[in-house]
Amino acid sequence: RIILHAIFAFAQRQEIANANPVQFVTVAAQKARERVLNNTELRTVWKALMPPVAIEGAAISACVAYSVLLAMVTLQRRGEVTGMRLSEIDREKKLWTLPGTRTKNHRVHVVPLSELALELIDAALSIRTDKNDFVFSSPRLPGKPVEPKAMTRAFGRMRHALGLIDIRPHDLRRTGTTNLTGENLGFPRFIISKVLNQTDSGGAAAVTAIYDRNDYLPEKRRALDAWAMRLLEIVNDEKRGDNVVTLGA
């Protein structure tokens, strides 16, 4: 509706069209999605996708499986994860710097990497057959990353095979956010918005964010480290020590 309105408004200005047929067309508001995976579902998804993947009736490559797991741990968008480059990662500082060309709000976004995230990245690199700058290198398109839709398709096949009801890759971000702001972890929503790289509402804070690449970096690191530990607690169905991280447990 927005695109057609703009086209016909231009056509009217150019005297190509006499009227704008969508001027008074309304668009029904879409209900915001609220699906959050419970602990059992999170555990099921993690264990099902941990390579070697062996889900009856759902063929999923290890490369794509690792991308879903990393999205679950970092809470970043599917296209940002599947397009991850080695040149974006600072191993020493445990940081992943996304350039503005790869983010939704077109701003540089720095993501602290937990030990669990680094283990998943190393695991994905260990199975690559095409040695290029992409962590999740496409097995079909040399020199290209796995496409975001490959994650969505794999997630759908897994969902149907395991009988999981109405879950999508983007629900992982909502699930992580809900856990982080919940009673167990208690992080403020403002910090989580920084983790998710959500657009600032405006003002001085928004202007500063454009130039400050370390925008709330310590707070983001604490949040993502806490989420990684909480996720492992859920996956292993037990409490773990603060310094224990086990990828395949």
Side-chain angles (χ1 to χ4, degrees), residues 42 46 66-125 133-136 145 148 151 169-182 184-200 205-206 208-235 240-249:
L42 275 175
W46 181 276
Y66 278 130
S67 73
V68 177
L69 296 177
L70 188 63
M72 189 184 300
V73 172
T74 62
L75 303 181
Q76 303 309 303
R77 296 178 176 88
R78 59 173 192 163
E80 295 166 350
V81 173
T82 57
M84 174 184 273
R85 292 174 176 267
L86 285 170
S87 55
E88 296 173 349
I89 299 172
D90 186 327
R91 300 281 311 203
E92 183 177 351
K93 296 181 179 179
K94 300 180 181 179
L95 295 175
W96 170 25
T97 302
L98 283 146
T101 54
R102 290 219 312 111
T103 62
K104 187 175 180 179
N105 60 11
H106 307 296
R107 294 180 188 170
V108 173
H109 179 43
V110 182
V111 182
L113 294 170
S114 63
E115 290 296 331
L116 181 56
L118 288 170
E119 286 191 37
L120 288 168
I121 291 170
D122 287 341
L125 291 173
D133 195 33
F134 295 108
V135 173
F136 302 102
M151 182 190 293
H170 194 75
D171 296 337
L172 299 176
R173 276 166 61 89
R174 189 179 304 103
T175 300
T177 297
T178 301
N179 275 269
L180 280 167
T181 59
N184 286 330
L185 299 179
F187 284 88
R189 289 182 177 180
F190 176 75
I191 297 304
I192 306 309
S193 73
K194 296 298 182 182
V195 170
L196 301 178
N197 195 25
Q198 294 177 333
T199 304
D200 293 289
T208 303
I210 296 174
Y211 299 100
D212 185 5
R213 293 192 177 188
N214 295 313
D215 191 28
Y216 293 92
L217 186 57
E219 292 85 354
K220 291 192 295 186
R221 185 178 297 282
R222 284 194 289 271
L224 285 172
D225 283 348
W227 169 234
M229 293 305 303
R230 177 59 184 150
L231 184 55
L232 284 176
E233 288 176 2
I234 293 170
V235 168
R240 306 185 69 87
D242 291 340
N243 61 342
V244 179
V245 176
T246 307
L247 175 60

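In this structure, CZ on Arg77 lies 14.0 Å from CG on Leu172, to the nearest 0.5 angstrom. Note that CG of Leu116 is 10.0 Å distant from CG of Asp225, once rounded to the nearest 0.5 Å. Taking CE of Met72 as the reference point, atom OG of Ser67 lies at 10.5 Å (rounded to 0.5 Å). Atom CG of Leu70 and atom OH of Tyr66 lie 11.5 Å apart (nearest 0.5 Å). Here the straight-line distance linking atom CZ of Arg222 with atom CG of Leu180 works out to 13.0 Å at 0.5 Å rounding. Within the model, atoms CG of Leu125 and CG of Leu120 stand 11.0 Å from one another, a figure rounded to the nearest 0.5 Å.
With respect to Asp171 and Arg174, a salt bridge is recorded, a charged nitrogen being found less than 4.0 Å from a carboxylate O. Classification of Lys94 and Glu115 as a salt-bridged pair holds, one side-chain N sitting under 4.0 Å from a carboxylate O.
Counting heavy atoms from C-beta on, the side chains of Val195 and Thr177 never come closer than 4.5 Å. For the pair Tyr216 and Phe190, the minimum side-chain heavy-atom distance is below 4.5 Å. Contact of the Ser193 side chain with the Leu196 side chain is not registered, since no non-hydrogen atoms from C-beta on lie closer than 4.5 Å. You'll find the side chain of Lys104 stays beyond 4.5 Å of the side chain of Gln198, heavy atoms only. When side chains are defined from C-beta on, Val73 counts as touching Ser114, because their heavy atoms get closer than 4.5 Å. Looking at Val81 and Phe136, their side chains come closer than 4.5 Å, going by heavy atoms from C-beta outward. Taking 4.5 Å as the limit, every side-chain heavy atom of Lys93 sits out of range of all side-chain heavy atoms of Leu113. Residues Phe134 and Met84 fail the side-chain proximity criterion, which asks for heavy atoms closer than 4.5 Å.
In terms of heavy atoms, Ile191 sits closest to Lys220 at CG2-N, 4.3 Å. Here the closest heavy-atom approach between residue Val135 and residue Ala124 is recorded as CG1-CB, 4.0 Å. Taking every heavy atom of both residues into account, Arg78 and Pro148 meet most closely at NH1-O, 3.5 Å. Between Trp96 and Arg102, the shortest heavy-atom distance links the atoms CZ2-NH2, 3.9 Å. For the pair Leu95 and Pro112, the tightest heavy-atom approach, listed with the atom from each and the gap, is CD2-CA, 3.9 Å. Nearest heavy atoms, Met151 versus Ala71: CE-CB, 4.3 Å.
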(message) side chain to side chain contact (heavy atoms under 4.5 Å, CB included) for Thr97 and Val111? Distances and angles first, verdict last.
(response) CA-CA 6 Å; Thr97 302; Val111 182; over 6 Å; no
Margin query: Run the side chain to side chain contact (heavy atoms under 4.5 Å, CB included) test on Trp46 and Leu42 for me, step by step, so that the C-alpha distance in whole Å, both residues' side-chain angles and the decisive distance to 0.1 Å come before the verdict.
Written below: CA-CA 6 Å; Trp46 181 276; Leu42 275 175; over 6 Å; no
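When only modelled atom types and interatomic distance are considered, Ser87 and Asp133 share a side-chain donor-acceptor pair under 3.5 Å. No side-chain donor from either of Asn184 and Asn179 sits under 3.5 Å from a side-chain acceptor of the other. At a cut-off of 3.5 Å, with distance as the only test, a side-chain donor of His109 or Gln76 sits close to an acceptor on the other residue.
For Arg91, the salt bridge (charged side-chain N to carboxylate O under 4.0 Å, His left out) partners are Asp122, not counting sequence neighbours. In terms of the side-chain hydrogen bond (donor to acceptor under 3.5 Å, both in side chains) criterion, Thr101 has no residue partners (sequence neighbours excluded). Qualifying salt bridge (charged side-chain N to carboxylate O under 4.0 Å, His left out) partners for Asp90, counting only residues two or more places apart in sequence or in other chains: none.
Side chain of Arg107 to main chain of Gly100: no donor-acceptor pair is present (N/O by atom type, distance under 3.5 Å, no hydrogens or angles).
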